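Inspection log for the structure reproduced underneath, given as structure tokens.
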There are 2 protein chains.
Amino acid sequence: MEYPPPLTRLIDELRRLPGIGPKSAQRIAFHLLRKTKQETTALADAVDRLLDEIRLCSICNAFTDLEVCAMCADPARNDAVICVIEEPHNLSVVERTRDFRGRYHVLHGTLSPLQGIGPDELKIHGLLQRIGAGGVEEVILATSPTVEGEATAVYLARILKPLGVRATRIAMGIPVGSDLEWADEVTMSKALEGRREY
Amino acid sequence: MEYPPPLTRLIDELRRLPGIGPKSAQRIAFHLLRKTKQETTALADAVDRLLDEIRLCSICNAFTDLEVCAMCADPARNDAVICVIEEPHNLSVVERTRDFRGRYHVLHGTLSPLQGIGPDELKIHGLLQRIGAGGVEEVILATSPTVEGEATAVYLARILKPLGVRATRIAMGIPVGSDLEWADEVTMSKALEGRREY
């Protein structure tokens, strides 16, 4: 069954998006056909203007519409601690805890030699500059506990130590609320290793 | 955690789409931030031009970019049988069977007195005109086997009978490949009622 070209074109574009299969793409397209021109234009505009208006923060590399992001510009946050994350969207995971009031630094990836991603492909240079400017006491390495995330954290810890800053790693262990029964052996091993005195 | 306004705006727009929750909307927005301007413009254009370029076929009410849709314009299809469907996207479900070579008619809804949808709100007038023009022998009522779909089929059958055309209803029964164990009683009852001699 062939849809008219403008409809097919939209369905094809929607299918390129993550998590959108052919069925969802079709459903969204038919949904939009029931909307007003004003509503579809609002969506089209939001998509179209995204890349024009969003850039990387010149300090931490988070996405922002300004030269310096709201997080870096906030005078209430603590300059002495930088939390290093892989991707811009990881920031909300840390922020949601409301436990961290320091600054951030976004690497935009992890070391991955097989994919040709070395230290020069990540935003590490800027991190070293920030530390070089002084005032940073601790860098929390909050990359994911994956092979690449771990390798990146180990690499950063090694180059940070000589600079006189504490490099710390987020704890790995059993997720809160989950049954021990379902923990894999590596996580369980990390949980034992990271055990703390009551 | 607040994202910059252009990003928040896009996430909000995406969340309005069916099947897209806050997490998916965020994921898609961050995905688009990694794309080229050319790629995001292609998506924005496809959305923006949709309503300008798509209209309803003047014969069957399917979505088309022409005055008459490809299905109605196809000289190889059989004018004597019209398959009545609720929504334009139902067409592909029937077409995929490759068993139907007649024409279609899209109602754009079902009778639903509680929602104030009566016969005048559906594209029934055009169907009667097509039948009045002659040559139609059978109308297959392929609305969904829901309360509204059934009511709509019964209503149409009643007004079609006096016009001298056969009004048929698609079969209801146990879906092919499914275990009888899971059939609900109404479906099982329909399956028994619709039983056929070997």
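Values in this document were obtained by computation on a predicted structure and should not be read as measured data. A, B, ... follow the sequence lines: proteins, then strands. Residue 1 opens every chain.
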Between [X] and chain B, with a heavy-atom cut-off of 4.5 Å, which part of the residue counts as in contact: side chain, backbone, both or neither?
{"X": "A:S24", "result": "neither"}
{"X": "A:L51", "result": "side chain"}
{"X": "A:A62", "result": "neither"}
{"X": "A:I11", "result": "neither"}

Open item on the list: Does B:R15, at its CZ atom, have more than 12 non-hydrogen atoms belonging to other residues, nucleotides or ligands within less than 6.0 Å?
Closed with: no
Task: B:E13 side chain reached by A:D45 side chain, heavy atoms, under 4.5 Å - done: no
Open item on the list: Between B:E39 and A:R16, is there a side-chain heavy-atom distance shorter than 4.5 Å?
Closed with: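 No, every pair of side-chain atoms sits at 4.5 Å or beyond.
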Task: Spacing of B:L91 atom CG and A:Y3 atom OH [to the nearest 0.5 Å] - done: 7.5 Å
Task: CG on B:L50 to NZ on A:K37, rounded to 0.5 Å - done: 8.0 Å
Considering only heavy atoms and a distance below 4.5 Å, find which of [options] pairs most often with chain A.
{"options": "B:R34, B:Q26, B:H108, B:E87", "value": "B:R34"}
{"options": "B:I28, B:L66, B:D12", "value": "B:I28"}
{"options": "B:G19, B:A42, B:A70", "value": "B:A42"}

Open item on the list: Could you go through A:L43 and B:L14, starting from their C-alpha distance and side-chain angles, then the distance that decides it, and tell me whether this counts as side-chain contact (heavy atoms from CB on, under 4.5 Å)?
Closed with: CA-CA 7 Å; A:L43 172 58; B:L14 291 170; 4.1 Å; yes
Open item on the list: Testing the basics here: between B:R9 and A:A46, what is the closest heavy-atom pair and its distance to 0.1 Å?
Closed with: NH2-CA, 3.8 Å
- [ ] Work out which heavy atom in A:P5 is nearest to a heavy atom in B:D65; give both atom names and the distance.
- [x]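 Nearest heavy atoms, A:P5 then B:D65: CD-OD2, 3.4 Å.
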Open item on the list: Between B:L33 and chain A, with a heavy-atom cut-off of 4.5 Å, which part of the residue counts as in contact: side chain, backbone, both or neither?
Closed with: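 Both parts, heavy atoms under 4.5 Å.
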TODO: Kindly determine whether B:L32 and A:L17 satisfy side-chain contact (heavy atoms from CB on, under 4.5 Å), including the steps that lead there.
DONE: CA-CA 8 Å; B:L32 289 172; A:L17 302 175; 3.8 Å; yes
